[in-house]
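See below for the structure under consideration.
Ligands are counted one by one from 1 in listed order, and the atoms in each one are counted from 1 as well. Numbering of residues begins at 1 and proceeds along the displayed sequence.
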Amino acid sequence: MNLFLKNISQLVTVAARGKTAKTGADMRDLGILTDAGVLCRDGKIAWAGPMREWKETLPPDVAELDAGGMTVLPGFVDSHTHAMFAGSREKEFALRSEGATYQQIAEQGGGILSTIGHVRAAGKKALKRQTVRYMNAMMQSGTTTVEIKSGYGLDMDSEIKMLEAIVELRSEELMGVVPTFLGAHAVPPEYSGRTGEYVALLVDTMIPYVGRKKLARFCDVFCEKGYFDLAEAERVLNAARTWGMALKVHADELTPMGGAELAARLGAVSADHLERVSPRGIAAMKEAGVVAGILPGVSFFLNHGYAPARALIDAGVPLAIASDFNPGSCMSYSMPMMMTIACTQMHMTPEEAITAATLNGAAALGLSAGIGSIEAGKSADLIVAGIPDYRFLAYHFGANHVRTVIKNGTILEF
Ligand code: NIG
Ligand code: FE
């Protein structure tokens, strides 16, 4: 369908002007146009500019949408989620409210391992059904592209079940879906105390299968004390690279392990979490052009301290914000909520938060040539928000301002 959005009060283009991501002071440049229009044709943006420069008469096959009083932005790119899971962990949430920590709960058999039990028992159809429900809700809050990780199966059959389900959703759903293999999310109970043997299973059996069947664009590892150390993470990531997967790392979340340095050394696309990243890690990421995937919702939900977003941005590291939506460490997929936390707790500006949730999120998935900003030639992925100014997104928090979402030129109204 072809569509002309007209009379937009504020058009936040986040124009990249050929760059793959924005860094430093450029993150504050949102390329805002007032009284603007956007023409979407065949799922792509054909034109975006001020109304006064629009001279053509619209052909009859173009629907018009009057966005007077509205703010239009690029759809959010949620570049780090565990949105496919079964069961829920509200009991752990309650325990944490009384002082238990995420690690204590994990050591007592809760945490990731409890979700694994539910996912192993679930059928592919049920997994897909629950994930679609969440994806629809994500879209209603403005997310148009989502990365979804496996990692709650941790045996061959269950990991493949998850990845096949994610890949099927990619073709069945309107939302953009990027599958990531996270077989190295935890050591499954049957390999307890035999991490090396589990790593061998990943490297020798699971990764070759995932690679051969092209079930994942990325491979990720939870590099953390009690999970996978640097050497184990490196073995997994090197194997994934030989099978054509791009790399991501859950780095320096709870323990400063040097996960960021590892990501830089291996040429990972992103290193995520980074609550405990060191100055050396920041310098290495800058040098290697690794995107920092910051997850404000996790720090908020687990109350375990925030990643040094200011230091990362000021050092020139391209920074993305994602939700990390999962039943344990962040039971929220609201990108505007993540932006509010980034502004209030991490001293990011509203402009930086928007860039981090759109263009730089796309960069964290290697997709910024096609999505993440409102520029001619990119996918028509847009949010129409009922707010007079883009700052309301983060400022007026806990409310959903999204009125209409456009994905590949298709309109979804809520
Ligand atoms: O990114 N840190 C490791 N993995 C997830 C948490 C998953 C869970 O608790 O179920 C995360 O925070
Ligand atoms: Fe995560």
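Interface of Ile112 with ligand 1, defined as ligand atoms under 4.0 Å from a residue heavy atom, comprises 7 (C), 8 (C), 9 (O), 10 (O). Interface atoms of ligand 1 facing His250, defined by a heavy-atom separation under 4.0 Å, are 1 (O), 2 (N), 3 (C). Counting atoms of ligand 1 from 1 in the listed order, those under 4.0 Å from a heavy atom of Arg89 are 8 (C), 9 (O), 10 (O). Atoms of ligand 1 lying under 4.0 Å from at least one heavy atom of His185, given by number and element, are 3 (C), 4 (N), 5 (C), 7 (C). Interface of Asp324 with ligand 1, defined as ligand atoms under 4.0 Å from a residue heavy atom, comprises 1 (O), 11 (C), 12 (O). Residue contact check: Gly328 has heavy atoms under 4.0 Å from atoms 9 (O) of ligand 1. Within the listing of ligand 1, atoms 2 (N) sit less than 4.0 angstrom from a heavy atom of Glu253.
Phe85 and Tyr134 have their aromatic ring centers within a separation under 6.0 angstrom.
Within the set Tyr152, Phe301, Phe85, Phe325, the minimum heavy-atom distance to atom 10 (O) of ligand 1 is found for Tyr152. Of the listed residues (Phe222, Tyr102, Tyr227), the one carrying the non-hydrogen atom nearest atom 6 (C) of ligand 1 is Tyr102.
Ring geometry, His273 versus His250: the interplanar angle falls from 30° to 60°, so the pair is classed tilted. Using bins of under 30°, 30° to 60° and over 60° for the plane-to-plane angle, the ring pair His80/His82 lands in the tilted bin.
Side chains of Thr410 and Asn408: no donor on one and acceptor on the other come within 3.5 Å. A side-chain N or O of Lys248 and one of Ser270 form a donor-acceptor pair less than 3.5 Å apart.
Proximity of Phe218 to Val178: side-chain heavy atoms (C-beta onward) are separated by under 4.5 Å at one or more points.
When Glu168, Lys214, Arg170 are each tested for a side-chain contact (heavy atoms from CB on, under 4.5 Å) with Pro179, only one passes: Arg170. The one candidate from Val77, Thr145, Ile406 that meets the side-chain contact (heavy atoms from CB on, under 4.5 Å) condition with Asp381 is Thr145.
Under a 4.0 angstrom heavy-atom cut-off, Thr115 registers as lying outside contact with ligand 1. Contact analysis leaves Glu224 out of contact with ligand 1, as no non-hydrogen atom separation drops below 4.0 angstrom.
With a cut-off of 2.8 Å, the Fe ion (ligand 2) has no N, O or S atom of His273 in range.
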Between Arg265 and Glu234, does the salt bridge (Lys or Arg N to Asp or Glu O under 4.0 Å) criterion hold? Intermediate values first, please. CA-CA 10 Å; Arg265 191 154 53 74; Glu234 183 163 357; 3.1 Å; yes
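In this structure, atom 12 (O) of ligand 1 lies nearest to the protein heavy atom Ser329 OG, 2.6 Å.
Nearest N/O/S atom of His250 relative to the Fe ion (ligand 2): this is NE2.
Between the OD1 atom of Asp324 and the NE2 atom of His82, the angle centred on the Fe ion (ligand 2) amounts to 80° when rounded to 10°.
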